[in-house]
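Along the sequence shown, residues are numbered consecutively beginning with 1. Reckoned from all heavy atoms, side chains included, excluding hydrogens, waters and symmetry mates.
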Amino acid sequence: MGSTFDVHRRDLVKRAAAAGLIAVPAMGVLTSCASGSGDSKQVDKGEKTEKNPLAVNGTAALEVYIFDGGFGTQYAKDAAKTYEKSFPEADVAVKATQKIQSVLQPRFNGGTPPDLVDNYGAERMDMGVLVGQKQLTDLTPLLDAPSVDDPAKKVRDTLRPGIVEMGQYDSDAVYALYYAYTVYGAWYSQTNLDKLGVEYPETWDDMLKVCAKAKKKGVAGWTYPGKYPYYLPFSLYPFMAKIGGPEVLKAIDNLEADAWKHPAVKAALEAYYELQQKGYILQGTPGLTHTQSQTAWNEGEALFIPNGSWVENESAKTTPDDFEMRVGAPSSLDSGDKMPFGTLWASGSESFVVPSKAKNVAGGMEQLRIMLGEKASSNFVQQVSSLTALDGGTEGSLPPGLNSAVEALKAAGDNVVNPRSPGWYVTLHKDKIGGVLGEMMAGRITPAECVKQAQKLTDEAREDDSITHYKH
């Protein structure tokens with residue numbers, strides 16, 4: 001560490017105000033949904049046996065809807081084949097779409113939803129709203145059922161820490177099973193850092209030095225999906241927690257009146273704003289989609305990108321064979337940071353839900369039980385380069401990015417944070433807060449203005465009685 005690291009950067013990084021007005025993007029997710037008006041008759045249960053602990057009706061059809069995103073759909077189709085072997089008389093259909101809300105919200109509202117839904121992606125339905133409208137099944141029977149691999153263990157006892165809690169909203173009931181386990185951070189290419197003759201920067205001073213060196217070579221320090229700026233928190237939120245401790249994110253989750261005014265939040269925003277002010281962001285980034293920014297990153301136009309561990313699979317077609325993908329934990333701002341270097345955001349993603357008005361509720365849960373077995377989990381890991389909620393399934397050789405994610409988790413130990421607001425308040429996080437952060441990173445508002453507007457949006461959400469509120 002250089003001697004400058006001992007001086008608190010948060011007291012030094014002050015920027016002049018930049019002119020500009022924010023235009024928050026139009027909301028892409030409905031903030032409410034009607035209770036189902038039609039009742040799809042649920043099938044009769046089957047006989048509960050040792051091999052059929054959820055009493056699935058073996059002759060009932062099963063309809064599964066998968067978000068066709070970074071993980072694709074093959075893993076779900078493979079798991080469905082196992083279901084078909086167990087229940088050969090069942091008609092099993094695995095369908096896919098990128099527009100989960102557009103396709104399925106009308107069916108939820110009409111009382112005719114599928115039996116299992118991967119509610120994820122840019123057009124996912126608001127989980128808080130679905131829970132508040134009682135449109136989801138409590139998955140406790142699944143969690144208390146014996147696991148596929150070891151009947152002596154309950155499914156809940158085979159899951160990674162935090163997975164069960166992520167599916168809880170207003171009680172001990174569990175309304176979602178987050179199947180993938182994602183490691184978030186600043187993703188980079190070890191090969192491209194080697195070409196530049198630098199190491200991953202463990203301090204913010206070193207981050208700026210690396211970006212300055214890259215700029216001289218015609219390479220940007222950072223890029224991100226400017227059209228979807230809610231990606232920025234993937235590296236920014238754990239940075240805030242590292243600086244000020246996990247209670248910083250808890251305050252944001254709880255919609256507290258001074259959450260965005262915390263010194264750690266201001267310091268993190270000022271640091272990121274410095275990247276923009278010094279020209280370390282890839283030109284044109286505010287207009288890029290997630291795939292466009294990832295492609296530019298793959299092609300060596302930028303060193304770092306905020307993302308989750310799905311990026312290895314999602315960007316596979318444009319990633320050079322010698323890229324050596326890695327994930328980096330937030331750099332240390334200064335010696336006053338409350339959490340050590342290596343602090344990570346890691347949590348479940350790909351929220352699978354069983355609608356309360358599904359025809360085959362038991363079948364939807366059984367399909368999830370199969371997916372949480374070693375066979376299906378290992379298949380997912382090998383196919384899509386991501387961990388699953390199952391605490392295992394990583395045997396065999398792993399691709400570089402996923403191997404890096406596993407190593408990062410080991411290094412983090414207990415220093416893992418899990419912001420809940422992205423799941424509790426999808427519209428607030430994705431469209432509104434994301435929009436404000438995007439405006440700041442585009443240089444159209446200052447960090448101080450970002451704090452003011454983000455806090456205003458947080459206050460409005462807290463005071464909005466039409467929103468179901470959660471707390472921890």
Side-chain angles (χ1 to χ4, degrees), residues 40-66 73-95 113-118 136-160 163-164 167 172-181 348 350-384 387-396:
S40 60
K41 182 172 170 49
Q42 295 188 339
V43 300
D44 294 331
K45 282 201 167 190
E47 182 183 355
K48 183 176 181 178
T49 66
E50 186 177 331
K51 291 186 177 181
N52 186 14
L54 294 170
V56 174
N57 181 333
T59 65
L62 178 72
E63 184 184 13
V64 179
Y65 248 100
I66 301 295
T73 61
Q74 190 58 49
Y75 75 93
K77 293 175 181 176
D78 291 343
K81 292 177 183 176
T82 301
Y83 185 98
E84 289 174 325
K85 287 181 180 177
S86 298
F87 308 104
E89 295 181 60
D91 180 14
V92 180
V94 178
K95 303 174 183 178
D115 304 307
L116 179 64
V117 177
D118 173 14
L136 302 180
T137 299
D138 178 7
L139 299 178
T140 297
L142 160 67
L143 296 171
D144 288 338
S147 71
V148 170
D149 304 301
D150 183 357
K153 286 185 179 180
K154 293 181 179 180
V155 169
R156 69 169 67 244
D157 297 329
T158 67
L159 305 180
R160 294 183 185 276
I163 290 294
V164 171
D172 290 336
V174 180
Y175 294 108
L177 193 292
Y178 289 79
Y179 185 64
Y181 194 75
E350 300 289 319
S351 50
F352 277 79
V353 298
V354 176
S356 57
K357 291 186 179 295
K359 287 184 179 180
N360 190 0
V361 168
M365 287 196 283
E366 175 63 17
Q367 181 60 27
L368 268 179
R369 193 175 78 97
I370 290 169
M371 290 170 62
L372 291 168
E374 284 279 356
K375 178 183 175 183
S377 182
S378 296
N379 186 47
F380 181 87
V381 170
Q382 294 301 323
Q383 277 191 21
V384 308
L387 304 174
T388 74
L390 181 71
D391 194 3
T394 57
E395 292 73 17

key: Side chains of D78 and Q383, donor plus acceptor under 3.5 Å   = yes

message = Once you measure the plane-to-plane angle for Y75 and Y179, does it fall in the parallel (<30°), tilted (30-60°) or perpendicular (>60°) bin?
response = parallel

key: Backbone N/O of E47 and side chain of N52: donor-acceptor pair under 3.5 Å   = yes

ask   = Is there a donor in the side chain of D138 and an acceptor in the side chain of T140, or the other way round, less than 3.5 Å apart?
value = yes

task = Please identify each residue that fulfils salt bridge (Lys or Arg N to Asp or Glu O under 4.0 Å) with E350, with sequence neighbours left out.
result = none

query = Closest approach of A79 and I370, non-hydrogen atoms and distance?
reply = O-CG2, 3.8 Å

remark   = Rounding to 0.5 Å, atoms CG (D391) and CG (D157) come to a distance of 11.5 Å

ask   = Ignoring hydrogens and geometry, is there a side-chain-to-backbone donor-acceptor pair from N360 to A61 under 3.5 Å?
value = yes

message = Whether the side chain of Q42 engages the backbone of A358 through a donor-acceptor N/O pair (distance < 3.5 Å, no angle test) should be reported.
response = yes

Residues which pass side-chain hydrogen bond (donor to acceptor under 3.5 Å, both in side chains) with D150, listed by chain and number, not counting sequence neighbours = none

message = Could you measure the distance from the CG atom of D149 to the CG atom of L390? Nearest 0.5 Å is fine.
response = 7.0 Å

D118 and F352, any side-chain heavy atoms less than 4.5 Å apart = yes

inquiry  = Within the 4.5 Å heavy-atom criterion, are V64 and Y83 side-chain neighbours or not?
reply    = no

key: 4.5 Å side-chain heavy-atom contact, V148 and K375   = no

message = Treating T137 as the side-chain partner and P355 as the backbone partner, does any N or O pair qualify as donor plus acceptor under 3.5 Å?
response = yes

message = Against V94, only a single residue in K77, Q367, Q74 fulfils side chain to side chain contact (heavy atoms under 4.5 Å, CB included); can you say which?
response = K77

inquiry  = With heavy-atom distances below 4.5 Å as the criterion, would you say the side chains of Y175 and V353 are in contact?
reply    = no

ask   = To the nearest 0.5 Å, how far apart are CD in E84 and CG in D91?
value = 8.5 Å

request  = Determine the minimum heavy-atom distance between G348 and Y181, stating which atoms define it.
outcome  = N-CD1, 4.0 Å

query = Which pair of heavy atoms, one from L116 and one from V354, lies closest together, and at what distance?
reply = CD1-CG2, 4.0 Å

key: Nearest non-hydrogen partners of L54 and A362, listed with the distance   = O-CB, 3.6 Å

Heavy-atom closest contact (A80 atom, V92 atom, distance) = CB-CG1, 4.0 Å

query = Any side-chain heavy-atom pair from L159 and L177 closer than 4.5 angstrom?
reply = yes

request  = Please round to the nearest 0.5 Å and tell me the distance separating atom CG of D144 and atom CZ of R156.
outcome  = 4.5 Å

inquiry  = Taking the basic N atoms (NZ, or NE/NH1/NH2) and the acidic carboxylate oxygens, is any pair closer than 4.0 Å for R369 and E366?
reply    = yes

note = Smallest heavy-atom separation, T388 atom then S377 atom, equals OG1-OG, 2.6 Å

query = Any Lys/Arg nitrogen of D115 or K359 sitting under 4.0 Å from an Asp/Glu carboxylate oxygen of the other?
reply = no

